[in-house]
Each structure stands twice: as C-alpha cells, then as structure tokens.
Amino acid sequence: MPSPQISPNADLNGDGEIDVFDAIVIGAGVSGLYQTYCLRQAGLSVRCFEEAGGVAGCWYWNRYPGCALDSPSESYGYSFSDELLQEWDWKHHYSKQPDTEEYLNFVADKFNLRPYIQLSTRVLSAVWHEEQCVWEVEVEGGQRARASFLVPAVGHLSAPLTPSFEGTERFQGQVFHASRWPREDPDFGGKRVAVIGTSATGMQISPELAKVCAHLTVFQRTAVYGIPADNAPIDPEVQREWKSRYQEIHKLIRENATGTPVGPDPRSGHEFTQEERLAHYEQAWKRQGYEKFLSIFWDVHTDLELNAEYAEFLRGKIRAQVNDPVLAEKLVPAATLPFGARRIPLETGYYDAFNRDNVSLVDVRETPIECLTEQGIRTSEREHEFDIIIYATGYDGVTGALSRIDIRGADGQSLKAKWDAQGLSTYLGLTSAGFPNLLISNNGALCNYTICAEWIAEWITEFVQYMRRHRFDRMEPTPEAEAAWVEHHDEMGAKTFWGHAEYSWYLGSNVPGKKRRFTLYAQTGPAWRKECYGAIERGYEGFTLRRQSDDGPVDTGSAATVPYAP
Ligand code: NAP
C-alpha cells in the first residue's frame with residue numbers, strides 16, 4: 001500500500017495514540033457490511049465504526065411492531081455469494097424485522113466481519129489532513145483513528161426527524177421515535193397511545209398497536225396511497241424454487257427498470273380503453289404486494305393523465321376498506337398527489353384498523369397540533385390525553401446522517417455547510433468536490449437496495465484498488481464534473497412526479513429549512529451503475545488523481561481495468 005508518508009501512529013493533534021487503517025467505514029448496515037467485506041477482500045486494513053450495539057443498520061434500530069421489508073425477501077438478500085443464497089431461508093415474503101436483523105448478523109458471522117467492526121461507537125467528526133493525505137476520525141469518548149479513505153455507509157434514512165412542537169418537554173408520558181425503538185417492547189396494555197405520522201412507518205406500526213393498546217389515536221397530515229402487502233409465510237417449495245434460480249432473479253433485478261424481479265407492462269395504457277385499463281389494474285391487484293403497481297402499464301408512472309386514473313382506482317380501494325365513509329374520505333389521498341410522488345408504503349391491516357372502536361384519526365390539516373401538554377397533545381380543537389406518544393415522523397433523508405457528522409474536507413470546508421447552502425451536491429452520488437478520498441457508500445437511487453449497494457461497494461473498492469496500484473494518494477472530483485452531475489441529477493428528478501408532493505424526503509421538503517433539491521437520483525440502478533463505471537472506463541473521468549510526491553495532477557489515461565462484471 002502506498003500509504004501517505006507519515007510515521008505510523010503519528011499523532012497529528014499531539015494528544016494521544018491513534019489507530020491507523022487503510023480505510024474507515026462508518027456504519028454496519030446492508031451497505032457497510034458488504035463494503036467492509038469488499039475492502040478486506042482487496043487486502044486493506046479496515047475499521048468499521050457503528051453507533052448501534054449490533055450490526056444490521058436500519059434493521060437494528062427499526063424494531064417497532066409491524067416493521068417489515070417493503071421489497072420481497074428473495075430480492076433483498078445479497079447476491080454476491082451463492083453459498084449464502086443457498087444457506088439462508090427467508091421466513092416471510094416481506095421479511096419481518098427480527099428475521100432481517102438475524103440475516104445480517106448471519107452475514108457478519110459467515111464472512112467473519114466482526115473483528116473489523118467496532119460497535120457502540122458514534123463517529124463525531126472526520127477531518128482531512130492535506131499534507132498527509134489522511135482522514136482523521138474522532139468518535140464519542142475521544143478515541144481517534146486515521147485512514148487514507150473515509151467510506152461512510154450511513155444509510156439514506158437513518159437520521160430520525162422529530163418535529164419541534166411547542167411544549168415537547170412538558171409531556172409526562174413515554175415518548176418514542178419508531179426508528180429508535182427500545183430493545184424491549186414498551187407495555188401498551190391498557191394505554192392511550194398517539195402515533196404521529198401516516199406514511200410507511202406509521203402505516204406499519206398503527207395496526208399492530210391497535211391490537212394491544214386501550215386506544216390509538218393516529219395523527220395524519222397527508223394521506224398517502226397504502227398498498228396491501230399480502231405478507232405471508234414462505235412455502236418451502238417456493239423457497240426451493242428461488243434457490244434454484246437466484247441467478248435469474250438477480251439478472252431480472254439488474255435489468256428491469258423497476259429494480260425488482262417484476263418488470264412493468266411494456267404496453268402503453270393509452271393503447272386501451274378506460275374499461276380495459278381498469279380491468280388491467282383490477283387484474284394486477286390480485287398479485288402480491290408491490291407487484292400490484294409495478295406490473296401495470298409502464299406509463300402510469302410517467303403520464304399524469306393515466307396516473308390520475310390509477311390514483312382514483314386506488315382511492316376506491318381505500319374507501320372500500322373503511323366502514324365509516326366520512327373517515328374513509330379523510331384517509332384517501334388528495335387528487336393533487338400523484339401516485340408515486342411519495343414513496344409507496346405497503347400496509348397490513350392499516351385501513352381496516354380504523355374500523356375498530358379503539359382507533360381514531362386526527363386530521364391535523366383540519367385541527368393542527370398546537371403544542372404538547374403534560375397530559376398529551378393539544379390541537380386547535382381540544383386536548384387529547386395520552387400515556388405514550390410515538391413519532392413515526394421520518395428522517396432527514398440522504399444528507400441528514402452525513403451532515404450530523406462534522407466532516408471537514410480540504411481547507412476545513414464543512415460538508416454540512418456545503419449541503420446546507422446548495423442542497424445535496426455530489427459527483428455520481430458517491431463523491432463530493434472539496435472532500436478528497438471520501439467515497440460515500442450510499443444507495444441513492446430508486447433501485448433494489450441490496451443489489452445496488454453491492455455494485456456501489458464494488459465500485460468504491462475498484463477505485464481504491466486502482467489508486468493503490470498506481471500509487472495515487474489523493475482523489476477528488478472536479479467542481480466542473482460535480483456541477484454537471486448535479487444538473488443532470490436535477491433534470492432527471494424534474495421528469496418524475498416527486499415535485500408534486502408538499503412534504504417529502506425525496507425533496508428534503510419534510511425537513512423545516514432544508515434546501516429543496518431531489519435527494520435521490522431518479523434513474524434506475526442499472527443506469528446509475530453505467531454512469532459510475534463509465535467514469536472509470538473513461539480513465540476516472542471527472543476526478544483529479546494525485547501522488548503525494550508529485551507537484552500536480554496526473555493524467556490517468558484510459559487504461560483503467562474494471563474487473564467487476566455483473
Ligand atoms: P415519512 O415517509 O417521511 O413520513 C413521515 C410521516 O410523519 C408523514 O406522515 C408526515 O406527514 C408525518 N409528519 C412529519 N412531521 C409532522 C408534523 N410536524 N405534524 C404531523 N405529521 C408529521 O417517514 P417514514 O414513514 O418513516 O418513511 C420514510 C421512508 O423510510 C419510507 O419512504 C421508506 O423508504 C422507508 N421505510 C420503509 C419501510 C419498509 O416497509 N421497509 C418502513 C418504514 C420506512 P406528511 O406526509 O404530511 O409529511
């Protein structure tokens with residue numbers, strides 16, 4: 001390894017011992033585990049810092065009742081090891097949180113990753129030292145470590161968001177954020193419970209709590225389109241069948257525009273009469289979970305007129321599940337919200353829960369939350385008393401988890417300050433100008449999470465290997481390449497319906513004061529992968545690579561080898 005020319009364990013700040021690694025990974029979730037594996041396979045010394053007391057990332061933290069995958073289990077596991085695919089049995093079609101957490105622990109053990117992971121360690125800051133070409137990381141408690149490469153794998157939905165209601169500190173009952181659920185379930189028996197939030201998390205947790213608490217009050221600001229998950233245990237025969245054709249399943253995931261084994265109907269909805277289209281939606285509705293909407297005419301997802309028709313079809317499905325027509329109307333999304341403008345939640349018994357006597361809805365657009373009181377929540381109408389308040393209020397998506405670490409790049413520039421000013425600004429979604437040797441192992445597109453996380457980790461590893469082979473100490477995207485990428489990223493986002501949503505983590509508009517900008521790359525996983533590998537194939541296009549001993553940038557030519565093939 002052409003390590004920066006500094007003496008090992010040199011203490012750059014003059015106050016104690018420092019551990020030195022080739023790479024520091026932050027986070028031991030789906031991305032971080034595989035990133036650690038890849039970098040180790042490439043022969044690097046790696047330390048992975050993880051804030052949680054266990055591995056599994058979001059599947060460690062999100063242990064609230066009802067938490068489950070919204071991708072089918074057979075598409076969620078890693079694809080890189082056939083042995084792993086054959087050894088692991090999924091239990092449900094949409095794996096429940098305890099099983100997914102167990103799976104990721106199984107992966108950590110099987111690939112002997114634990115020696116490289118330091119748990120219960122929150123990274124506070126990472127500072128780039130230009131002369132030595134190293135990142136120095138400080139964690140809670142004062143421990144420091146240094147590495148040539150900083151590879152955050154912190155997830156795009158991991159910085160919980162809690163609204164700052166007036167009087168929050170006054171409430172005398174228990175308060176939980178769904179994404180920081182205690183390891184031991186709270187006792188809901190006989191309790192009056194409030195859930196604030198009615199999106200993916202709120203829809204999963206509410207029906208489960210309704211079964212066990214005395215009364216559940218759901219606070220809704222925006223009604224979204226919940227689709228039945230139809231979750232069920234997996235028939236052993238189905239499991240065997242998956243195991244016999246995982247290669248084919250993964251090929252479909254890599255090729256389909258949906259990033260799933262289910263491709264959309266390639267025909268345009270406009271080729272059919274309205275009656276035929278409705279029959280087509282009805283037919284698709286019989287399929288399981290997300291196949292209901294992924295298998296329909298492709299242009300329902302891109303054509304506003306067709307989308308409005310399909311959205312009305314879904315409103316009818318919601319109305320049919322709720323006995324009280326007035327309540328049903330409140331649960332139905334507004335006509336101004338296209339289907340797919342917000343991430344589509346899968347639900348199990350959410351709408352049906354409102355048919356129970358112990359469940360009620362507060363529409364906070366009609367009666368806004370004014371403050372929290374000692375006893376509960378005061379709206380413009382009245383005070384609601386609770387024993388427990390649960391925030392299912394989402395995340396500061398994509399930029400949030402990285403901005404909560406004080407990352408200082410070249411010339412002391414703060415990543416948070418950069419993104420606060422400009423919104424998400426990256427080159428290829430994986431690097432950022434002004435932050436040398438920072439490789440962001442985050443899946444930032446609308447694609448299958450794990451398969452995409454795999455090629456990102458492989459791309460990063462390939463980049464690092466290339467630098468080591470060619471004795472480069474420093475890489476950084478050029479401001480011009482980043483500006484062009486940001487423009488392209490924005491253009492792609494503008495072609496979607498995302499901009500139609502008032503509040504959405506796709507736009508950052510769910511976070512008060514956050515600069516509005518598309519936070520996800522609105523392209524398929526394969527298209528994004530092509531862009532990233534294209535940059536490598538064209539000789540690390542858009543990057544400046546430098547050797548410490550050199551005076552300036554080096555022309556890398558176009559001789560890069562790309563060993564990874566899908
Ligand atoms: P979210 O989609 O951002 O929804 C947050 C909810 O809290 C919304 O209903 C929002 O209302 C409400 N809310 C926020 N601030 C509020 C306020 N001040 N007053 C009243 N209501 C407020 O967050 P999420 O449900 O946690 O889901 C986030 C993402 O995580 C999902 O899109 C999905 O990608 C992922 N997720 C996946 C699963 C899964 O099934 N695997 C489960 C959970 C989450 P508005 O709608 O009006 O903003």
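Every number for a ligand or one of its atoms is a count from 1 in the order of the listing. All heavy atoms count here, side chains included; hydrogens, waters and symmetry mates do not.
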*Asks:* Given Ser179, Gly197, Ser164, identify the one with the heavy atom nearest to atom 12 (C) of ligand 1.
*Replies:*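 When every heavy atom of Ser179, Gly197, Ser164 is considered, Gly197 comes closest to atom 12 (C) of ligand 1.
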
*Asks:* What do the steps show when you test Trp528 against Trp455 for ring pair (Phe, Tyr, Trp, His ring centres under 6.0 Å), and what is the final call?
*Replies:* CA-CA 10 Å; Trp528 185 22; Trp455 74 249; 5.1 Å; yes

*Asks:* Is any N or O atom of Thr198, backbone or side chain, closer than 3.5 Å to an N or O atom of ligand 1?
*Replies:*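 Right, the criterion is met.
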
*Asks:* May I ask which of Gly394, Cys58, Ala392, Ser95 has a heavy atom nearer to atom 6 (C) of ligand 1 than the others do?
*Replies:*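 Going through Gly394, Cys58, Ala392, Ser95 one by one, Ala392 has the nearest heavy atom to atom 6 (C) of ligand 1.
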
*Asks:* Can you find a non-hydrogen atom of Phe165 under 4.0 Å from ligand 1?
*Replies:*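 Distance cut 4.0 Å: Phe165 passes for ligand 1.
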
*Asks:* At a 4.0 Å cut-off, with the gap strictly under it, does some heavy atom of Phe219 reach an atom of ligand 1?
*Replies:*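 Not so, Phe219 does not reach ligand 1.
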
*Asks:* Any idea which atoms of ligand 1 are less than 4.0 Å away from a heavy-atom of Leu157?
*Replies:*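 Close to Leu157: 29 (C), 30 (O), 34 (O), 35 (C).
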
*Asks:* How does Pro163 reach ligand 1, by side chain, by backbone, by both or by neither, if only non-hydrogen atoms under 4.0 Å count?
*Replies:*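 Only the side chain of Pro163 comes within reach of ligand 1.
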
*Asks:* Judged on heavy-atom distance to atom 20 (C) of ligand 1, which of Asp70, Ile196, Thr222 sits nearest?
*Replies:*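 Nearest option to atom 20 (C) of ligand 1, by heavy atoms: Ile196.
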
*Asks:* Side chain, backbone, both or neither: which part of Met203 comes within less than 4.0 Å of ligand 1 when only heavy atoms are counted?
*Replies:*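 Near ligand 1, Met203 shows nothing, with every heavy atom at 4.0 Å or more.
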
*Asks:* In the protein, which heavy atom is nearest to atom 10 (C) of ligand 1, and how far is it?
*Replies:*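 Result for atom 10 (C) of ligand 1: Arg221 NH2, 4.3 Å.
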
*Asks:* Who's the nearest protein heavy-atom neighbour of atom 32 (O) of ligand 1, and how far?
*Replies:*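 Checked against all protein heavy atoms, atom 32 (O) of ligand 1 sits closest to Trp505 NE1, 2.9 Å.
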
*Asks:* Considering only non-hydrogen protein atoms, determine which one is nearest to atom 24 (P) of ligand 1 and report residue, atom name and distance to 0.1 Å.
*Replies:*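 That would be Thr201 OG1, 3.4 Å.
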
*Asks:* If you measure from each heavy atom of Arg342 to ligand 1, is any distance below 4.0 Å?
*Replies:*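 A heavy atom of Arg342 does come that close to ligand 1.
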
*Asks:* What's the shortest heavy-atom distance between Thr519 and Leu424, and which atoms?
*Replies:*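 Result for this residue pair: O-CD2, 3.3 Å.
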
*Asks:* Looking at Trp459, does the NZ or CZ of Arg529 lie under 6.0 angstrom from its six-membered ring centre and within 45 degrees of the ring axis?
*Replies:*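 The answer is no, since Arg529 fails at least one limit relative to Trp459.
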
*Asks:* Val224 and Ser199: which non-hydrogen atoms are nearest, and at how many Å?
*Replies:*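 Shortest heavy-atom contact: CG2-CA, 4.2 Å.
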
*Asks:* May I ask you to identify the nearest protein heavy atom to atom 4 (O) of ligand 1, giving residue, atom name and distance to one decimal place in Å?
*Replies:*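 For this ligand atom, the closest protein heavy atom is Ser199 CB, 3.1 Å.
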
*Asks:* Should the pair Lys515-Asp420 be classified as a salt bridge under the 4.0 Å nitrogen-to-oxygen rule?
*Replies:*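 Salt bridge between Lys515 and Asp420, a charged N being under 4.0 Å from a carboxylate O: no.
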
*Asks:* Taking the six-membered ring for Trp and the full ring for Phe, Tyr or His, determine whether the centres of Phe313 and Phe339 are under 6.0 Å apart.
*Replies:*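 Between Phe313 and Phe339, the centre distance exceeds or equals 6.0 Å.
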
*Asks:* On a heavy-atom basis, I'd like to know which of Val195, Val218, Ile205, Thr393 is closest to atom 14 (C) of ligand 1.
*Replies:*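 Minimum heavy-atom distance to atom 14 (C) of ligand 1 goes to Thr393.
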
*Asks:* Any N or O on Ala68 sitting closer than 3.5 Å to an N or O of ligand 1?
*Replies:*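 The answer is yes, given that Ala68 and ligand 1 share an N or O pair closer than 3.5 Å.
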
*Asks:* Could you check whether any side-chain heavy atom of Ile249 comes within less than 4.5 Å of a side-chain heavy atom of Ile253, counting everything from C-beta outward?
*Replies:*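 Yes, at least one pair of side-chain atoms sits under 4.5 Å.
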
*Asks:* If the cut-off is 4.0 Å to any non-hydrogen atom of Tyr503, which atoms of ligand 1 fall inside it?
*Replies:*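 In order of number, 47 (O), 48 (O).
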
*Asks:* Is there a side-chain contact between Thr260 and Tyr290 in this structure, where contact means two heavy atoms from C-beta onward sitting under 4.5 Å apart?
*Replies:*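 Yes, close enough: below the 4.5 Å cut-off.
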
*Asks:* Would you say Leu346 touches ligand 1, if touching means a heavy atom closer than 4.0 Å?
*Replies:*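 No, Leu346 has no heavy atoms under 4.0 Å from ligand 1.
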
*Asks:* Does Ser441 have any side chain to side chain donor-acceptor pair (under 3.5 Å) partners at least two apart in sequence or in another chain, and if so, which?
*Replies:*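 Checked Ser441 against side chain to side chain donor-acceptor pair (under 3.5 Å); matches are Gln35.
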
*Asks:* Can you tell which of Tyr449, Tyr521, Tyr395, Tyr506 makes a ring-ring contact (aromatic ring centres under 6.0 Å, His included) with His156?
*Replies:*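 Output: one option passes, namely Tyr449.
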
*Asks:* Identify, for atom 27 (O) of ligand 1, the protein heavy atom at the shortest distance, and state residue, atom and that distance.
*Replies:*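 Looking only at protein heavy atoms, the one closest to atom 27 (O) of ligand 1 is Ala200 CB, 3.8 Å.
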
*Asks:* Could you tell me whether Arg183 and Glu101 have a side-chain N and a carboxylate O separated by less than 4.0 Å?
*Replies:*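 Salt bridge flag = yes for Glu101 with Arg183.
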
*Asks:* Take every heavy atom of Tyr64, measure it against each atom of ligand 1, and state whether any distance is under 4.0 Å.
*Replies:*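 Tyr64 counts as a contact of ligand 1 under the 4.0 Å cut-off.
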
*Asks:* Less than 4.0 angstrom from a charged side-chain N to a carboxylate O is my criterion; do Asp230 and Lys292 meet it?
*Replies:*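 Yes, charged N to carboxylate O under 4.0 Å.
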
*Asks:* Side chains of Tyr76 and Asn448: does their closest heavy-atom pair fall under 4.5 Å?
*Replies:*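 A side-chain contact under 4.5 Å is absent here.
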
*Asks:* Out of curiosity, is Leu69 lining ligand 1, as in a heavy atom under 4.0 Å away?
*Replies:*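 The answer is yes: ligand 1 sits under 4.0 Å from a heavy atom of Leu69.
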
